[in-house]
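Beneath this line is the structure, given in structure tokens, with notes to follow.
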Amino acid sequence: MEQVYLHFPILQVLIPLLLAPICVLVGRSTFSWLITFFGSVSSLVIAISLLHSVSDGSSISYHIGGWPPPIGIEYVVDSANAFLLVLVSGISTVVLLYARDQIKLEIDEENHTLFYTCYLLCLTGLLGVLITGDVFNVFVFLEISSLSTYVLVAQGAKRDKRALKAAFNYLIMGTVGATFFVIGVGFIYMATGTLNMFDIYERINDLESSRTVRASYAFIVIGMGLKLAMFPMHLWMPGAYTYAPTVVTTFLSATATKVSLYVLIRFTFSVFHFDFNFIEQVFKFLVMPLAIIAMFAMSFVAIFQKDIKRMLAYSSIAQIGYMLLGVSLLSSEGLTATFVNLFNHGITKATLFMSLGVLTLYSGKSFLSDVQGLGKKMPWISASFLIGGLSLVGIPGTAGFISKWLLVQATIEAGVPILALLIILSSLLAIVYIWKVIEHLYFMEPHSELASQKVSFRILIPLWILSISCLYWGFDTSLTVGTSDIAANNLFNNVIKLN
Amino acid sequence: MDFIQVPSSYIFYLAAAITFVFLRDRTLRSVLLICVPIIALIQVWNLEIGNHHQVDFFNLQLELMRVDKLSKVFGLIFCLAAFLGNLYAWHVKDVVQQIATLVYTGSAIGAVFAGDLVSLFFYWEGTAIASVFLIWARRTEASYHTGMRYLLIQISSGVILLAGLAVQFHTTGSIAFEKMELSSLSSFLIFISFGIKCAFPLLHNWLQDSYPAATVTGTVILSSFTTKLAIYALARSFAGTEILIYIGAIMTLFPIFFAEIENDLRRVLAYSLNNQLGFMVVGIGVGTELALNGTASHAFAHILYKSLLFMSVGAVLFRTGTSKASELGGLYKTMPLSALCCLIGAASISAFPLFSGFVTKSLIMDATATEHYPVIWCVLVFASAGVLSHSGIKIPYFTFFAHDSGLRPKEAPINMLIAMFITSFLCVFLGVFPDTLYNILPYEVNYKPYTISHVISQLQLLCFALLAFTVIMKLGFHPPEIRAINLDSDWVYRKYLPSIMLRIINRLGSVNESTRSGLENKISSGEQILLNIFGPTANFARVFTNGVMILWIAVIFTGALAIVLF
Amino acid sequence: MIFEHNFIMGHLNYWLFIMLMMTGLFIVISRGNLIKKIVGLNIFQTSVFMFYISIGKVAGGTAPIFPMDMNINPSILYSNPLPHVLILTAIVVGIATTALGLALIVRIREAYGTIEDEEISLIEADEQKLETQSQLA
Amino acid sequence: MNDNNKKLKETTNPVGSILFGWLDHRHSTRIIIGTLSVSCFVLLLVDFVYHRHGHFMIEEVPGFFALYGFLMFSLIILGATTLRYFVKRREDYYGTKAVDSDMTENKK
């Protein structure tokens with residue numbers, strides 16, 4: 001038993017990876033759902049146990065195949081990625097709970113098995129990116145998740161053919177991003193001769209002036225910027241989120257961009273040295289301004305959207321602005337705020353997309369007029385949308401408030417209170433677009449032709465798990481803030497305590 | 001922790017949750033809405049002095065129940081006002097309004113008992129967000145826009161409070177909601193935040209903008225809490241801050257003139273509310289025990305008579321569909337009881353002896369006199385005459401008397417009448433037995449309102465002002481009630497800034513010809529401008545081909561490379 | 001300095017890599033035909049492969065292969081095998097991407113009847129207009 | 001005249017006629033003004049009989065409050081009339097999305 005425990009880091013990735021082909025072989029919708037669900041749950045269990053064992057700020061190093069680093073590939077678990085491992089596998093599990101019913105309406109029966117296979121692969125990729133300590137391995141897992149994501153997005157074609165074009169755009173953009181990233185990795189390898197993150201960190205110390213190292217950072221920022229939809233490289237995102245099946249949108253919005261952001265953070269702090277002058281410059285003159293523009297411009301765009309899914313996609317880009325802002329303060333507080341934001345925004349957006357998906361389950365369209373008056377007909381679902389919306393805006397008592405609060409604190413701590421003001425001002429914009437939906441939900445008469453729709457408990461349960469967690473993390477901050485604090489401190493001081 | 005000492009706000013929130021989830025029956029909801037304030041009233045009455053309910057939040061200790069005599073008196077009147085308001089709103093079927101009322105009153109009461117700035121901030125925003133639903137509940141486009149403006153201003157007040165609290169926490173490490181000096185950045189921010197909610201001059205316009213836009217019952221509820229909460233907060237933190245005396249004096253003055261020429265009676269009352277707040281702010285500024293007693297008691301009495309006035313005008317609006325002075329008149333024939341209540345409210349606000357205003361306002365006046373502020377005292381006396389002019393005379397006279405408008409509405413519904421009667425009774429009761437009120441004030445009261453000289457001087461002031469009114473009416477100099485609106489400071493953000501924005505946008509030339517001509521038609525609509533920049537067809541949101549996307553990446557990458565390499 | 005012989009010839013592999021990369025990107029940007037876009041993407045990716053392989057080359061080094069008898073002669077210079085191995089993985093990824101892209105193009109062609117980016121955009125714009133109209137109505 | 005009166009009676013609330021019925025009397029206005037003038041006069045007289053103690057000297061001047069009240073009230077009316085000259089606008093000044101013009105439509 002002890003043996004198994006020691007292999008948890010690799011099992012974290014291996015279980016969903018191995019289950020994927022099994023899924024194809026099974027070929028039946030229900031069975032493959034069961035397998036996928038099993039994979040997701042076991043990932044979650046493993047992630048939680050990993051988080052538990054690193055919660056004191058220590059870290060676990062796992063040597064693949066017994067080859068010690070820097071020769072072999074190393075998996076490293078510390079509180080930063082263990083936290084996100086829990087988020088990704090947790091969201092995946094909750095999404096799967098409701099996926100079955102939703103998928104039946106959105107995807108042809110014969111594609112279900114393959115859908116779940118891709119879902120598992122996507123999960124594998126995301127978990128792998130998080131857990132690996134090898135820079136090239138990051139690229140491989142990133143591409144595993146991206147390639148399966150393109151397929152998942154394209155599955156929306158049954159409802160709207162534009163999903164295909166969105167997936168194709170995403171493919172082009174994603175590949176360009178990944179290739180940029182791989183060029184950056186090549187440059188680092190040229191400069192340091194190693195691929196292990198922590199080994200690079202040691203060796204890169206005197207290379208601040210090296211142009212190779214500098215250029216590699218530029219490539220990596222742009223590559224990851226593309227994947228995490230940093231404004232103005234977000235253009236693939238609204239389409240992909242709008243036309244993808246709701247299950248996919250829910251899962252991706254809560255995880256994919258977060259994982260890419262994690263990679264950026266990891267590279268900035270554990271591969272490069274964040275106090276390199278050029279890194280500070282990049283954040284000061286590129287990332288921060290773009291993040292602020294995103295916060296406002298994208299919120300304004302969201303206000304004018306008629307399609308709620310698209311509105312939420314734009315809102316995600318604005319929210320990514322907050323997270324990037326937190327990172328670009330290059331302070332421990334800012335980093336904590338970003339980690340909390342990653343988590344809280346993940347569950348908030350998942351709640352929103354999921355409840356929206358259920359609200360528009362039968363109409364299939366997610367325009368404002370499609371949810372009109374549903375507040376009375378589907379009170380439970382609308383209420384969970386409301387909670388998600390409140391959390392997105394950052395109303396006290398919700399998870400969203402905690403992340404905004406920390407971010408505001410961090411900006412004041414960093415000595416730029418004007419940013420705090422901007423953050424708060426842009427949050428006001430969120431009120432406007434969320435209000436538009438709430439208004440249609442609650443204050444308008446429903447279309448008469450919409451008969452009262454029954455929603456099974458299989459859907460309600462995961463939805464309310466998410467809604468309640470939106471509220472719960474608004475009160476109990478010991479896990480989110482506590483872990484983020486440790487994670488941020490570890491990254492900031494680059495303390496990797498191996499046990 | 002004793003069960004009775006749980007935060008009173010929880011009671012309201014619980015009721016709101018129950019209403020939201022369970023209560024489908026209208027009557028049950030109305031009953032609940034009336035019962036909850038009574039339960040809270042009993043609870044608050046029985047609260048012991050002290051700090052009762054601590055909660056840990058982020059390594060901060062929140063004091064949710066700081067009970068002292070100041071918070072208790074505000075807690076009591078808030079519960080009372082909630083009860084009266086809900087009784088008045090018995091007939092309302094709209095569940096949104098009912099929940100909003102519960103959350104709003106709960107937050108206001110919670111804020112009163114909040115012992116630290118963080119929980120104050122929570123409740124502060126709670127009042128802002130819940131109350132806007134009372135405006136939106138009217139469900140017209142106009143009320144939606146007004147509500148938006150209201151929400152924006154209220155939320156900004158909370159945001160500034162948050163900023164002040166953050167700065168304070170950062171510099172001193174304390175989140176205590178206590179007396180502070182107006183000397184540091186943090187206290188200044190907090191002061192501004194309170195000032196916005198308290199409708200300081202030039203920050204006041206949300207009040208006059210929004211209260212006439214709410215529903216009939218919503219305005220009654222609104223009038224009781226938000227501003228008085230701000231008064232409480234100021235009294236708690238900035239008592240004795242001298243600048244408040246002058247701010248308060250200006251607050252008592254300028255609304256008088258606006259109220260005099262305003263046509264919408266509910267807006268007249270909003271101006272009058274602003275003027276009354278001025279008295280309280282002066283009291284806070286003076287800051288002596290007498291003055292603070294005056295502020296607390298005046299807030300107490302004010303909530304009652306202002307609700308009463310809003311109730312009677314609301315009843316008229318409910319029955320006739322308008323609250324414009326120019327459309328009303330002669331309603332005493334069919335709404336005599338409402339007229340009577342309105343007269344009692346008018347007498348109370350004008351501070352006629354034997355009515356509540358008389359026994360509370362004089363505390364503040366006396367405090368300014370004993371502390372030797374002769375000019376301020378004169379201003380307050382002047383303002384008292386002003387109160388008489390718009391709330392004492394204008395409201396009842398142009399609604400119920402004056403020329404006959406020909407309207408013959410039915411008397412107000414029975415629930416409204418009962419609420420008005422109880423409130424009227426309380427107004428008179430406090431006026432006749434001021435000691436009941438004086439006993440619950442924060443400090444010991446050694447003040448006798450009913451001295452001969454005080455009664456005589458007040459009667460002289462009021463009677464001669466009335467005489468002046470009759471003379472002016474006879475001479476025909478009184479500004480006629482006409483259908484018009486008056487500009488106020490909101491003009492800046494409703495008219496001026498949008499036009500400036502438009503000019504800038506035009507100058508930039510980022511708008512193409514066809515939309516520009518369309519734009520000119522909607523010169524006032526800032527929304528249109530935003531639409532042109534951020535709307536679905538604008539550059540920011542267009543669906544690009546992936547070639548363009550890649551081009552963007554190339555641009556950003558070049559930027560990044562330049563930054564990194566040089 | 002820029003025109004120094006050494007600067008150009010010494011970094012020849014980088015210049016070629018950059019040229020190839022730009023060519024690929026330019027195709028992605030400028031061509032409307034989706035298949036051509038995929039081809040451009042391939043060229044772009046290939047340039048990176050070339051880059052990796054070239055940095056693994058040690059001047060005068062031979063292929064990093066164990067001799068049959070497993071007796072390694074320390075005097076023989078080997079090229080660095082690691083980048084080459086990495087690129088094997090990257091090539092697999094590239095092929096998968098290409099395959100997926102082409103598969104998507106097939107589906108796009110079925111759905112839209114064209115594989116020209118501009119035409120697809122027009123069709124989508126029409127659709128969007130219809131949607132907005134139905135919203136207004 | 002009689003007919004008109006009758007009509008009024010029909011539409012008037014019975015409580016109303018008890019409370020405010022006297023207002024319909026022909027001389028009601030004169031009675032009110034008369035009462036008011038008399039009470040003002042009496043109040044003014046009291047000042048000369050009774051010496052008031054105030055915080056300020058000016059309070060002790062007989063008739064100070066009376067004069068102040070009268071003049072200030074007039075000043076308010078005057079000030080308000082002047083103010084109206086500057087700030088008066090049409091009801092739909094802020095466009096159709098303002099509450100005031102909204103009410104106009106309600107009326108229709």
Side-chain angles (χ1 to χ4, degrees), chain B residues 140-143 145-146 212-213 256-258 260-261 264 321-322 324 327 332-337 339-340 369-370 374 377 381-382 385-386 388-389 401 408 411 452-453 456-470 472 477-479 483-488 494-495 524-525, chain D residues 8 11-13 15-20 23 32-33 36-37 39-40 43-44 46-47 50 52-56 58-59 63-81 83-84 86-91 93-104 106-107:
Chain B
T140 62
E141 195 173 358
S143 73
H145 286 269
T146 312
I256 297 174
F257 299 100
F258 279 97
E260 198 55 47
I261 51 174
D264 185 341
T322 181
K324 301 206 165 169
E327 313 296 305
Y332 72 92
K333 292 188 171 74
T334 52
M335 301 180 80
L337 296 173
L340 184 66
T370 32
W377 181 81
V381 176
F382 173 70
L388 178 77
S389 78
F401 307 101
R408 292 288 180 270
E411 181 55 279
I452 295 178
S453 70
I456 296 284
S457 56
Q458 183 71 8
L459 279 178
Q460 275 183 352
L461 183 77
L462 295 175
C463 284
F464 274 87
L466 275 172
L467 191 66
F469 173 71
T470 31
I472 288 165
F477 284 158
H478 196 277
R483 305 202 54 161
I485 61 148
N486 302 305
L487 299 184
D488 198 341
R494 289 173 75 180
K495 209 72 180 180
S524 65
S525 160
Chain D
L8 270 178
T11 49
T12 305
N13 190 314
V15 190
S17 47
I18 299 168
L19 276 176
F20 302 109
L23 279 178
I32 294 171
I33 295 178
L36 187 62
S37 316
S39 43
C40 283
L43 282 168
L44 197 59
V46 172
D47 251 12
Y50 171 82
R52 188 173 30 229
H53 296 283
H55 291 279
F56 303 111
I58 198 165
E59 281 185 73
F64 162 73
F65 281 101
L67 194 66
Y68 196 74
F70 193 91
L71 286 183
M72 287 303 135
F73 196 95
S74 317
L75 184 71
I76 288 167
I77 302 295
L78 194 72
T81 317
L83 180 67
R84 173 176 268 181
F86 291 105
V87 298
K88 194 179 84 171
R89 291 293 184 278
R90 283 164 50 86
E91 251 177 349
Y93 177 72
Y94 286 122
T96 44
K97 284 174 186 171
V99 170
D100 306 87
S101 30
D102 204 34
M103 287 172 176
T104 329
N106 269 2
K107 195 74 182 31

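A, B, ... follow the sequence lines: proteins, then strands. Residue 1 opens every chain.
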Examine the side chains of B:T334 and B:E411 and answer whether a donor and an acceptor come within less than 3.5 Å of each other.
->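 The answer is no; no qualifying pair exists.
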Measure [X] against the heavy atoms of chain B and call it side chain, backbone, both or neither at under 4.5 Å.
| X | value |
| --- | --- |
| D:R90 | backbone |
| D:L44 | both |
| D:L83 | both |

Take the angle between the ring planes of B:F382 and B:F257 and call it parallel below 30°, perpendicular above 60°, tilted in between.
->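 Taking B:F257 first and then B:F382, their aromatic rings sit tilted (interplane angle of 30° to 60°).
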Any idea which of B:A339, B:G386, B:S457 has the most non-hydrogen atom pairs under 4.5 angstrom with chain D?
->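 That would be B:S457.
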Identify whether the distance between the nearest side-chain nitrogen and carboxylate oxygen of D:R84 and B:E260 falls below 4.0 Å.
->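 The answer is no: the pair does not qualify as a salt bridge.
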If you measure from CZ on B:F469 to OG on D:S74, what distance do you get to the nearest 0.5 Å?
->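 Atom-to-atom, B:F469:CZ and D:S74:OG are 12.0 Å apart.
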Show the numbers, then the answer: is there a side chain to side chain contact (heavy atoms under 4.5 Å, CB included) between D:L78 and B:F477?
-> CA-CA 8 Å; D:L78 194 72; B:F477 284 158; over 6 Å; no
Polar side-chain atom of B:N486 near backbone of B:I261 as donor-acceptor pair, under 3.5 Å |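 Yes.
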Please flag which part of B:T470 lies under 4.5 Å from any non-hydrogen atom of chain D: side chain, backbone, both or neither.
->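 Answer is side chain: those atoms of B:T470 sit under 4.5 Å from chain D.
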Examine whether an atom of B:L459 lies under 4.5 Å from a heavy atom of chain D, and if so say whether it belongs to the side chain, the backbone or both; otherwise answer neither.
->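 Both backbone and side chain.
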Top of D:L67, D:I32, D:L36, D:I33 for chain B proximity - count of heavy-atom pairs under 4.5 angstrom |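 Greatest number of close heavy-atom pairs with chain B: D:L36.
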